[in-house]
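Below is one structure, written out as structure tokens; comments come after it.
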Amino acid sequence: QVQLIESGGGLVQAGGSLRLACAASGRTFSTYAMGWFRQAPGKEREFVASITWRTGITTYSEFAKGRFTISRDNARDTAFLQMNSLKPEDTAVYYCGSRKTIFTTWESADWGQGTQVTVSS
């Protein structure tokens, strides 16, 4: 099992930026991909972005394209989410997930506790 700890959330004004980090520990050697999801109050958790650990292939949701950038530092077992041009509708708890293999779904991935991002208008 992988333990994930998110950091970097906070309060920011609309148009501002935040950089989230997700530090992994434990069985990190077999990570296939890491990703970010978010959940706003009263809404379901939604996909934000993901990155494959070995090859660095990225995938973004439509709302994240052009504003958010996912990256990883393999040596530090850490994934990042750079968020620019933030909007009030980006307000949510952001969760980091880790998929063990290509066959592991996000539903069965390891998850962190989340970090709150609040964007004021």
Side-chain angles (χ1 to χ4, degrees):
Q1 191 173 2
V2 174
Q3 292 77 45
L4 304 169
I5 299 177
E6 301 98 333
S7 61
L11 174 64
V12 64
Q13 288 189 333
S17 299
L18 283 174
R19 189 190 193 208
L20 306 183
C22 175
S25 62
R27 195 212 65 250
T28 58
F29 59 89
S30 62
T31 299
Y32 166 70
M34 291 184 72
W36 291 93
F37 282 64
R38 70 184 187 183
Q39 187 167 19
K43 295 187 177 181
E44 294 187 352
R45 187 176 295 194
E46 63 179 347
F47 172 77
V48 178
S50 66
I51 186 166
T52 56
W53 205 244
R54 186 174 61 85
T55 59
I57 297 173
T58 58
T59 304
Y60 294 93
S61 63
E62 284 301 316
F63 66 77
K65 289 179 181 178
R67 297 192 300 130
F68 296 179
T69 302
I70 189 171
S71 61
R72 91 280 194 221
D73 183 334
N74 297 66
R76 293 166 56 191
D77 290 327
T78 301
F80 302 95
L81 185 67
Q82 177 68 43
M83 303 187 295
N84 299 326
S85 302
L86 283 163
K87 306 174 182 179
E89 51 263 45
D90 293 318
T91 295
V93 178
Y94 283 71
Y95 296 91
C96 172
S98 174
R99 289 171 56 188
K100 180 179 178 180
T101 73
I102 193 171
F103 304 107
T104 307
T105 64
W106 286 115
E107 287 73 18
S108 58
D110 294 311
W111 291 96
Q113 294 300 306
T115 185
Q116 176 71 46
V117 171
T118 303
V119 185
S120 63
S121 57

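These numbers were taken from a predicted model, which means no experiment stands behind them.
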Distance-only, no hydrogens or angles: does the [X] side chain make a donor-acceptor pair with backbone N or O of [Y] under 3.5 Å?
X	Y	result
N74	R54	no
T115	G9	yes
Y60	I70	yes
S121	P88	no
E6	Q113	yes

Side-chain touch F80/L20, heavy atoms, less than 4.5 angstrom = no
Exercise for the section: May I ask you to check whether W36 and F68 place their ring centres under 6.0 Å from each other? Expected result: no
S17 versus N84, closest heavy-atom pair with distance
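Nearest heavy atoms, S17 then N84: OG-OD1, 2.9 Å.
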| task | Taking all non-hydrogen atoms of both residues into account, name the closest pair between Q116 and T91 and its distance. | result |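 The answer is NE2-CG2, 4.0 Å.
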Measure the spacing between [atom1] of [X] and [atom2] of [Y] and express it to the nearest 0.5 Å.
X	Y	atom1	atom2	value
M34	D77	CE	CG	8.0 Å
W53	S30	CH2	OG	12.0 Å
S25	I5	OG	CD1	6.0 Å
T31	K100	OG1	NZ	10.0 Å
Y32	S98	OH	OG	12.0 Å
T78	L4	OG1	CG	10.0 Å

Within the supplied structure, the quantity of interest is the number of heavy atoms (other residues, nucleotides, ligands) at a distance under 6.0 Å from L11 CG; does it exceed 12? yes
### Full working for side-chain contact (heavy atoms from CB on, under 4.5 Å) between D110 and Q3
CA-CA 7 Å; D110 294 311; Q3 292 77 45; over 6 Å; no
Verify same cluster id: L81, F63 (apolar side-chain graph, 4.5 Å) = yes
Residues pairing under disulfide bond (SG atoms under 2.5 Å apart) where one sits in residues 43-93, two or more places apart or in two chains, turn out to be none
Can you give the donor-acceptor pairs under 3.5 Å from side chains of residues 40-51 to other protein atoms, not counting sequence neighbours?
{"residue": "E46", "atom": "OE2", "partner": "R38", "partner atom": "NE", "Å": "2.7"}
{"residue": "E46", "atom": "OE2", "partner": "R38", "partner atom": "NH2", "Å": "3.2"}

Point to revise | Full working for side-chain contact (heavy atoms from CB on, under 4.5 Å) between M83 and Y94 | key: CA-CA 11 Å; M83 303 187 295; Y94 283 71; 3.7 Å; yes
